[in-house]
Amino acid sequence: MQQTVIGNMKSQPEVLNYTLENQNVFVEPFVEIFKKHDIRKVFFFGSGTSYNVSHIAAYYFKQIVGIDASAQYPTVYKNYEKPDWTGMLKNDQILYVAISQSGTSVSTCEVMEYAKANGYQTLALTGNLESRIAKLVDTAVHLLVGEELTPPETKGYTVSVLSVYLWAIAVAKAKGIYTEEQYETALKETKALVDQFQTVVEESEAWYDRNKGSILGSERLYVLGYGVDYGSMLEGVLKMGEMLRLPIAGYELEEFSHGPTMAFHTRQTLFFIGSDEAEYERMMEFRRAYLKYTPRIHVITCKDMDADGRDMVFSVKANKYLAPLMYTVPFQFVAAKGAKEVYIDTNINPFEEPLAHYPAEEA
């Protein structure tokens, strides 16, 4: 049977549970690098969905592990950045991490080849351990997503976010930042969310179904995020752009108020992603203001709030580190079910130029 995007989306509870149960496959080799080397800086690389995951990974490693970390576009980094502008770090104190579900992304492969050749620590998280990128790094670990044969990646995103979170808490434990008790609590919280992910999927679909008329009738869609969910915003924009193919833009919450609001009118839809961070109350302030200009305002959160049917308030609760696993699922339904309803076949990629990936036979 041919895979569908919606089928992959609905398999997320199962595949996330499998990833959590088999985490040692990709966690132990990652932690071993930190045990063998005095890692002071981590670069995360990826393109498309993998770049969006990289943003969340960098946030985790800064906020949980307390280490200098950043998400980088591979080509921009290779052409314009340096591993250490201060010149104070040794090469083996810098870790390059590639996230590539297919393992064939041209730009990500090139930057990892450069890193390994220059004596930096290199690791790839990939769904294909026989892929090109796996051969270009010191360590390749398995992204336990299984096959995802549809062009838009959905379950690959959530599995990747879970994987990098499990990396972060395990490194925090290894470095003594988390006590054994804190680590076990983090794992229990993760399992609690994964065990309830079917509810996340069902509530997301029900939210889409009750709002689809307004969303699909919009002239433009905006996604606003902040903190850890800047990466969630990027993924929401990408998913809807890949499948729904409407004009879509994404902004950091505060930045959106500096100019784009001048184009406001009632046929525009705004999605707020509301994590439990410093900007949450500011988001609610913006929500109240923007409702004066368009009724098409949707908050996606797991925080209890004064909501109506436009908002996606998950009954499943999670801390701000785990919540990103939930927050792009509503966008997946807007993208995939919305595309189906306007007769777009998401299994077909209309752009056929082989620029972004190496052919499989060259891997």
Side-chain angles (χ1 to χ4, degrees), residues 12-13 15-31 33-34 39 42-46 49-67 69-71 95 97-101 123-127 141-145 153-175 177-197 200 225 227-235 273 275-277 302 314 316-329:
Q12 288 176 112
V15 73
L16 287 171
N17 184 64
Y18 180 82
T19 300
L20 184 59
E21 287 184 348
N22 294 277
Q23 62 179 286
N24 287 344
V25 169
F26 56 89
V27 170
E28 288 185 356
F30 189 91
V31 173
I33 295 173
F34 281 81
I39 302 298
V42 186
F43 291 111
F44 292 95
F45 296 95
T49 285
S50 296
Y51 175 75
N52 303 338
V53 174
S54 293
H55 259 281
I56 294 176
Y59 182 98
Y60 287 159
F61 275 76
K62 287 185 286 189
Q63 300 295 324
I64 296 174
V65 182
I67 192 171
S70 66
L95 173 62
V97 178
I99 301 172
S100 179
Q101 186 170 337
L123 177 140
L125 176 67
T126 179
V141 296
H142 205 186
L143 179 69
L144 301 180
V145 66
E153 297 172 357
T154 53
K155 64 178 181 176
Y157 172 81
T158 48
V159 169
S160 297
V161 172
L162 176 59
S163 299
V164 298
Y165 176 69
L166 293 171
W167 279 351
I169 62 173
V171 171
K173 176 190 171 189
K175 292 174 69 70
I177 296 161
Y178 271 17
T179 64
E180 183 70 32
E181 183 179 1
Q182 287 174 307
Y183 177 70
E184 290 300 325
T185 297
L187 284 180
K188 287 178 183 177
E189 291 174 345
T190 305
K191 183 169 177 19
L193 174 56
V194 169
D195 286 346
Q196 298 177 84
F197 214 80
V200 171
V228 66
D229 285 307
Y230 185 84
S232 302
M233 174 274 288
L234 293 174
E235 180 64 9
I273 304 176
S275 268
D276 188 12
E277 299 213 55
C302 64
F314 288 106
V316 178
K317 306 305 177 187
N319 64 52
K320 67 180 181 181
Y321 299 122
L322 288 168
L325 285 168
M326 297 190 282
Y327 288 166
T328 53
V329 179

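Since the model is a prediction, treat every value here as computed from it, not as a measurement.
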Quiz prompt | Contact check, side chains of Tyr165 and Ile64, non-hydrogen atoms, under 4.5 Å | solution = yes
Exercise. Using a cut-off of 6.0 Å, state whether more than 12 heavy atoms not belonging to Tyr183 lie near its atom OH.
Key: yes
Quiz item: Looking only at heavy atoms, what is the nearest atom pair of Tyr157 and Ser232, with distance?
Solution: OH-CA, 3.9 Å
Self-check item: No-hydrogen, no-angle side-chain donor-acceptor test under 3.5 Å, Glu235 and Thr328
Solution: no
Quiz item: Counting only heavy atoms not in Glu180, do more than 12 sit closer than 6.0 Å to its CD atom?
Solution: yes
Quiz item: With Ala174, which residues qualify under side chain to side chain contact (heavy atoms under 4.5 Å, CB included), at least two apart?
Solution: Val31, Lys35
Self-check item: Phe45 vs Ser54 side-chain heavy atoms within contact, under 4.5 Å
Solution: no
Quiz item: Of the options Leu234, Thr158, Val161, which is the one that meets Val53 in a side-chain contact (heavy atoms from CB on, under 4.5 Å)?
Solution: Val161
Self-check item: Close side-chain approach of Cys302 and Tyr327, heavy atoms under 4.5 Å
Solution: yes
Quiz prompt | Side-chain heavy-atom pair Val65, Val42 within 4.5 angstrom cut-off | solution = no
Practice problem: Give, for atom CG of Leu193 and atom OH of Tyr321, the distance between the pair rounded to the nearest 0.5 Å. | Solution: 15.5 Å
Quiz item: Do the side chains of Phe26 and Thr19 get nearer than 4.5 Å, heavy atoms only?
Solution: yes
Self-check item: Non-hydrogen atoms of Ala71 and Ala58 that approach each other most closely
Solution: N-CB, 3.7 Å
Quiz item: Quick one: CD1 on Ile177 to CD1 on Ile169, what's the gap to the nearest 0.5 Å?
Solution: 12.5 Å
Quiz prompt | Interatomic distance, Lys317 atom NZ to Leu322 atom CG [nearest 0.5 angstrom] | solution = 14.5 Å
Practice problem: To the nearest 0.5 Å, tell me how far Ile56 CD1 sits from Ser160 OG. | Solution: 10.0 Å
Exercise. Work out which heavy atom in Val171 is nearest to a heavy atom in Phe61; give both atom names and the distance.
Key: CG2-CE2, 4.2 Å
Exercise. Would you check, one step at a time, whether the test side chain to side chain contact (heavy atoms under 4.5 Å, CB included) holds for Tyr60 with Val228?
Key: CA-CA 8 Å; Tyr60 287 159; Val228 66; 4.2 Å; yes
Quiz prompt | For the student: nearest non-hydrogen atoms of Ala323 and Ala318, plus distance | solution = N-CB, 4.1 Å
Quiz item: So how far is it from Ile39 CD1 to Ile33 CD1, rounded to the nearest 0.5 Å?
Solution: 7.0 Å
Quiz item: Does the ring centre of Tyr59 sit less than 6.0 Å away from the ring centre of His55?
Solution: no
Quiz prompt | Distance (rounded to the nearest 0.5 Å) between Lys175 NZ and Ile67 CD1 | solution = 5.5 Å
Quiz item: Thr185 versus Tyr178: any side-chain heavy-atom pair under 4.5 Å?
Solution: no
Quiz item: Which word best sums up how the rings of Phe44 and Trp167 line up, parallel for under 30°, tilted for 30 to 60°, or perpendicular for over 60°?
Solution: parallel
Self-check item: Nearest atoms (heavy-atom pairs only) where Leu20 meets Leu162
Solution: N-CD2, 4.2 Å
Quiz item: So, does His142 use its side chain to make a donor-acceptor pair with the main chain of Gly127 at under 3.5 Å?
Solution: yes
Quiz item: Is any side-chain heavy atom of Leu166 less than 4.5 Å from a side-chain heavy atom of Leu187?
Solution: yes
Quiz prompt | Close side-chain approach of Gln101 to Thr49, heavy-atom, < 4.5 Å | solution = no
Practice problem: List the steps and the verdict of side chain to side chain contact (heavy atoms under 4.5 Å, CB included) for Gln196 and Val200. | Solution: CA-CA 7 Å; Gln196 298 177 84; Val200 171; 5.6 Å; no
Exercise. Would you please test Leu95 and Phe30 for side chain to side chain contact (heavy atoms under 4.5 Å, CB included) and show each step?
Key: CA-CA 10 Å; Leu95 173 62; Phe30 189 91; 4.1 Å; yes
Exercise. Check the pair Asn17, Asp195 against side chain to side chain contact (heavy atoms under 4.5 Å, CB included), reporting the backbone distance first and the verdict last.
Key: CA-CA 7 Å; Asn17 184 64; Asp195 286 346; 4.1 Å; yes
